[in-house]
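Below is one structure, written out as structure tokens; the observations come after it.
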Protein chains: 2
Amino acid sequence: MKTENRKTEIVRVAAHLFKEKGYSAVTMRDLAKTMGIKAASLYNHIESKQSILQDIIVSIAEEFTQGMSSILAESSNSIDKLNKIISLHVTIASKNADGMAALNTDWMHLEDKLNYYLDLRNSYEENFRKIIQAGIDNNEIKNENVEVILFSLLSTLRSLYLWIPKKENLNEAQLASSLSHILIKGINT
Amino acid sequence: MKTENRKTEIVRVAAHLFKEKGYSAVTMRDLAKTMGIKAASLYNHIESKQSILQDIIVSIAEEFTQGMSSILAESSNSIDKLNKIISLHVTIASKNADGMAALNTDWMHLEDKLNYYLDLRNSYEENFRKIIQAGIDNNEIKNENVEVILFSLLSTLRSLYLWIPKKENLNEAQLASSLSHILIKGINT
DNA sequence: GTCTATAAAAAGATAGAC
DNA sequence: GTCTATCTTTTTATAGAC
């Protein structure tokens, strides 16, 4: 469409506002004001507030799904797979911290696409869990509770969006490397 | 006051709703319906919607501040202190998962108490950072980037509220112990 | 593509009866 | 302590002029 660029801009600005206050607390007037136009004018480019949220969340969720798919297709060992998952999260959170915020904190406000998002998320977590379990089975990973390991890793990776924008002096490769050491090898001397 | 018990109940139910949809998306009518009364009746017990959020967040933030204070007062080594911080988070998240959700995701909707909350949070993080740095200085903790270690630990601990309610078969002591092993000693064999 | 005007619904909160 | 009724403001979204 002709208005695709303007629409992309609206979605990007909306994601930024959603990160600051959350989807429900951001009004179409807030968004319009930031864009420098009136609220009614937004509707020439987007269908609804809800459609903006869908655009943001679904595109990132699919990006994670595709990333996991690539990782699974490779024949590397479990620790290699975990390192690739860490890099995947660092890359996506670096590129789109605002969108990651919406995915993490506003997914429950999805309407039509809620079940689709939940399916993608459950699949992702299940694949992650299997990688950890395989690592335990072949003695690459300590025999701790799988759910606690999964929770611990995912919590850190899912929070990257909060933290990456504040630490711009660390590049993606350095951050992924540092995270890999800390998450996998621990912090104890 | 005579209505203190009813007020406590309202705050508790509100925290539960806030966890599901966030502060902004929960209406006074939603809250009233869950309580089995009309919205207007709520105002006989609470001052405003905002005062409910304040009650939830400030009490937990002060609990963390007090817990950190106790930990600092002890003369244990850095790893001991980290383990006590882990237990502190497990205890509070187990006791009040709903309130932890509000503290983590709705603090930005605080009005009068926003700066007070931010001061407590900054203090907490600064104390946490100093414990990690001291551990690095005396060779208890690996010489990795302090900010990445702090971020990684805090991300996991702050997300406990999402996860604890789903895993009721793990008691607090077991969870704290398992988390301690994973976060401090890593998962690599 | 943006505007003004406005519709229709939903929000937080209060007044006063019971 | 809860109700009905209502006020005031705010919200998403549409219609139609420019």
Side-chain angles (χ1 to χ4, degrees), chain A residues 1-58 98 102 105-114, chain B residues 1-58 98 102 105-114:
Chain A
M1 308 173 195
K2 281 180 187 169
T3 59
E4 197 56 43
N5 290 337
R6 191 74 164 142
K7 176 177 172 179
T8 304
E9 190 187 357
I10 290 172
V11 171
R12 183 174 48 75
V13 170
H16 186 67
L17 295 179
F18 292 168
K19 186 190 177 197
E20 303 303 316
K21 305 202 299 176
Y23 174 75
S24 299
V26 174
T27 70
M28 296 304 275
R29 284 172 181 78
D30 292 335
L31 176 53
K33 197 161 207 170
T34 309
M35 293 289 299
I37 57 179
K38 297 290 174 182
S41 305
L42 291 170
Y43 291 89
N44 201 51
H45 307 283
I46 53 102
E47 289 177 10
S48 63
K49 188 185 177 188
Q50 172 68 199
S51 74
I52 297 175
L53 187 68
Q54 282 181 15
D55 267 25
I56 296 168
I57 293 181
V58 169
D98 294 337
T105 69
D106 285 319
W107 59 267
M108 72 286 285
H109 298 120
L110 284 173
E111 293 166 9
D112 295 356
K113 301 282 187 179
L114 177 60
Chain B
M1 306 176 195
K2 281 179 187 170
T3 59
E4 196 57 43
N5 290 337
R6 192 73 165 140
K7 175 177 174 180
T8 304
E9 190 187 357
I10 290 172
V11 171
R12 183 174 48 75
V13 170
H16 187 67
L17 296 179
F18 292 168
K19 187 190 177 197
E20 303 302 317
K21 304 203 298 175
Y23 175 74
S24 298
V26 174
T27 71
M28 297 302 277
R29 286 170 178 79
D30 291 335
L31 176 54
K33 198 161 206 170
T34 308
M35 293 288 301
I37 58 179
K38 296 290 174 182
S41 306
L42 292 169
Y43 291 89
N44 201 51
H45 306 283
I46 53 102
E47 290 176 10
S48 62
K49 188 186 178 188
Q50 172 68 198
S51 74
I52 297 175
L53 187 67
Q54 281 179 17
D55 267 25
I56 296 168
I57 293 181
V58 169
D98 295 337
T105 69
D106 285 319
W107 59 266
M108 73 287 284
H109 299 119
L110 285 174
E111 294 166 10
D112 295 356
K113 302 281 188 180
L114 177 59

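Within every chain, numbering begins at 1; the chains are lettered A, B, ... in the order of the sequence lines, protein sequences first and strands thereafter.
- If you measure from atom NZ of B/Lys21 to atom P of C/dA10, you get 12 Å, rounded to the nearest angstrom.
- The shortest heavy-atom contact between B/Leu53 and B/Leu110 is CD2-N, 3.8 Å.
- Residue A/His45 places its side chain closer to C/dT2 than to any other of C/dT4, C/dA11, C/dT2.
- A donor-acceptor pair is defined here as one N or O able to donate and one able to accept, closer than 3.5 Å; such a pair exists between the side chain of B/Lys49 and the backbone of B/Val26.
- Remark on DNA chain D: of its neighbouring residues A/Ser48 and B/Gly36, the 5'-side contact belongs to B/Gly36, judged by nearest-heavy-atom nucleotide.
- Other residues, nucleotides and ligands place no more than 12 heavy atoms under 6.0 Å from the CD atom of B/Glu47.
- Nearest nucleotide to the side chain of A/Asn44, out of C/dG1, D/dT2, C/dG12: C/dG1.
- Contact annotation: B/Lys49 reaches the phosphate of C/dG12 (side-chain N/O to OP1 or OP2, under 4.0 Å).
- Taking for each of A/Glu47 and B/Ile37 the nucleotide of DNA chain D with the nearest heavy atom, the 5'-most of the two is the partner of B/Ile37.
- When each of C/dT4, C/dG12, D/dA13 is scored by its nearest atom to the side-chain atoms of A/Arg29, the top-ranked nucleotide is D/dA13.
- Contact between the side-chain N/O atoms of A/Tyr43 and the OP1/OP2 oxygens of D/dT14 is not found at any separation under 4.0 Å.
- Where B/Ala25 and A/Ala39 meet DNA chain C, the nucleotide closest to each residue was compared, and A/Ala39 sits on the side nearer the 5' end.
- Under the 3.5 Å distance criterion, with hydrogens and angles disregarded, a donor-acceptor pair is assigned to the side chains of A/Asp30 and A/Thr27.
- Note on B/Ser41: every side-chain N or O is 4.0 Å or more away from OP1 and OP2 of D/dG1.
- In this model, no side-chain donor or acceptor of A/Arg6 finds a partner on the base of C/dG1 within 3.5 Å.
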